[in-house]
Asks: 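Quick one: this structure, given as structure tokens, is what I'll be asking you about.
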Amino acid sequence: MFITFEGGDGSGKSTLIKLVTTELEKAGYDVFATREPGGSFVAEAIRDIVLNNKYKGISEYTEALLFAAARAEHLDKTILPQLKENKIVICDRFIDSSLAYQAYARNLGVDFVLNINKVAVENMPNLTFYIDIDPDVGISRIKNRRKNDRLDQETKDFHLKTRDGYLKLIEKYPNRIVKIDGTKSISELTNIIVEKIKEKLWNKLYLFLKKR
Ligand code: ADP
Ligand code: TYD
């Protein structure tokens with residue numbers, strides 16, 4: 001099963017992925033956690049370019065193509081091989097990030113972003129958690145903690161547009177994307193997400209057994 005986490009910067013994705021992974025492993029599942037942009041040798045090299053402040057003036061198209069290139073490489077070298085080994089793959093960001101940030105917030109359009117992400121479109125996640133919080137809350141959570149990368153320095157308007165983009169994606173993919181209220185406590189969120197994953201795994205197993 002392929003699961004992705006989405007949301008604005010500082011919404012809690014990486015914290016929750018760590019905790020959810022631990023809980024699932026305790027329950028006996030084999031989990032592989034990864035992230036985008038990155039997650040394979042070449043994709044991590046692309047990450048160094050695409051998030052680096054040094055390349056502030058990068059064109060919007062180049063940026064979208066770099067995210068798509070990193071994703072194609074990540075799928076080929078990491079995600080698909082791990083899924084073949086029957087692991088539960090959990091990824092911090094995936095194609096919905098490109099749809100929210102590049103298609104909607106940067107206005108490149110959904111069709112363009114889907115077209116350049118053909119390999120990802122052919123391998124969509126089974127389940128996506130969108131962690132929803134006010135962008136101001138997300139930014140304030142991360143502002144003291146790390147050196148800001150290129151996208152962390154975007155305007156408030158940009159972050160509001162990405163949130164609107166995610167809300168449109170929930171309408172577009174209602175069966176895949178689960179909206180989660182990111183203002184709840186970390187432990188509450190972990191429980192909610194673990195339960196949803198287990199429910200989905202049981203449904204998959206039921207459908208599989210029914211087919212046999
Ligand atoms: P992301 O990966 O989405 O950028 P992080 O997981 O790095 O976000 O979380 C950013 C910061 O917010 C961390 O310091 C984390 O401890 C804190 N945080 C995450 N989730 C919550 C939450 N539900 N409530 C309060 N603080 C949180
Ligand atoms: P990262 O440091 O991973 O931030 P976060 O903790 O918020 O996930 O930075 C990833 C940044 O890249 C983030 O601002 C979102 C952006 N991004 C895109 O614009 N498009 C994409 O396709 C992906 C994967 C990320």
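Each ligand, and each atom within it, is numbered from 1 in the order the structure gives.
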Asks: Which of the numbered atoms in ligand 1 are below 4.0 angstrom from a heavy atom of G182?
Replies: 23 (N)
Asks: Looking only at distances, can you tell me whether any N or O atom of K184, backbone or side chain, sits closer than 3.5 Å to an N or O atom of ligand 1?
Replies: yes
Asks: Taking 4.0 Å as the limit for heavy-atom contacts, which would you say applies to R47 with ligand 2: side chain only, backbone only, both, or neither?
Replies: side chain
Asks: Under 3.5 Å between some N or O of ligand 1 and some N or O of T183?
Replies: no
Asks: Tell me, please: is R35 in heavy-atom contact with ligand 2, that is, under 4.0 Å?
Replies: no
Asks: Does the side chain of Y104 come within less than 4.5 Å of L169's, by heavy atoms?
Replies: yes
Asks: Test of understanding: with side chain to side chain donor-acceptor pair (under 3.5 Å), list the residues that count as partners of E122, not counting sequence neighbours.
Replies: K118
Asks: Which bit of Q102 gets closer than 4.0 Å to ligand 2, counting heavy atoms only: side chain, backbone, both or neither?
Replies: side chain
Asks: Please report whether ligand 1 has a polar contact with G10, defined as an N or O pair separated by less than 3.5 Å (distance criterion only).
Replies: yes
Asks: According to side chain to side chain donor-acceptor pair (under 3.5 Å), who are the partners of Y166, at least two apart in sequence or on a separate chain?
Replies: E6, R93, S97
Asks: Aromatic contact between Y101 and F67, with the criterion being ring centroids under 6.0 Å apart: yes or no?
Replies: no
Asks: Which part of L51 is near ligand 2, with near meaning a heavy atom under 4.0 Å away: side chain, backbone, both or neither?
Replies: side chain
Asks: For ligand 1, is there an N or O atom under 3.5 Å from any N or O atom of D9?
Replies: no
Asks: Does R71 come within less than 4.0 angstrom of ligand 2, counting non-hydrogen atoms of the residue?
Replies: yes
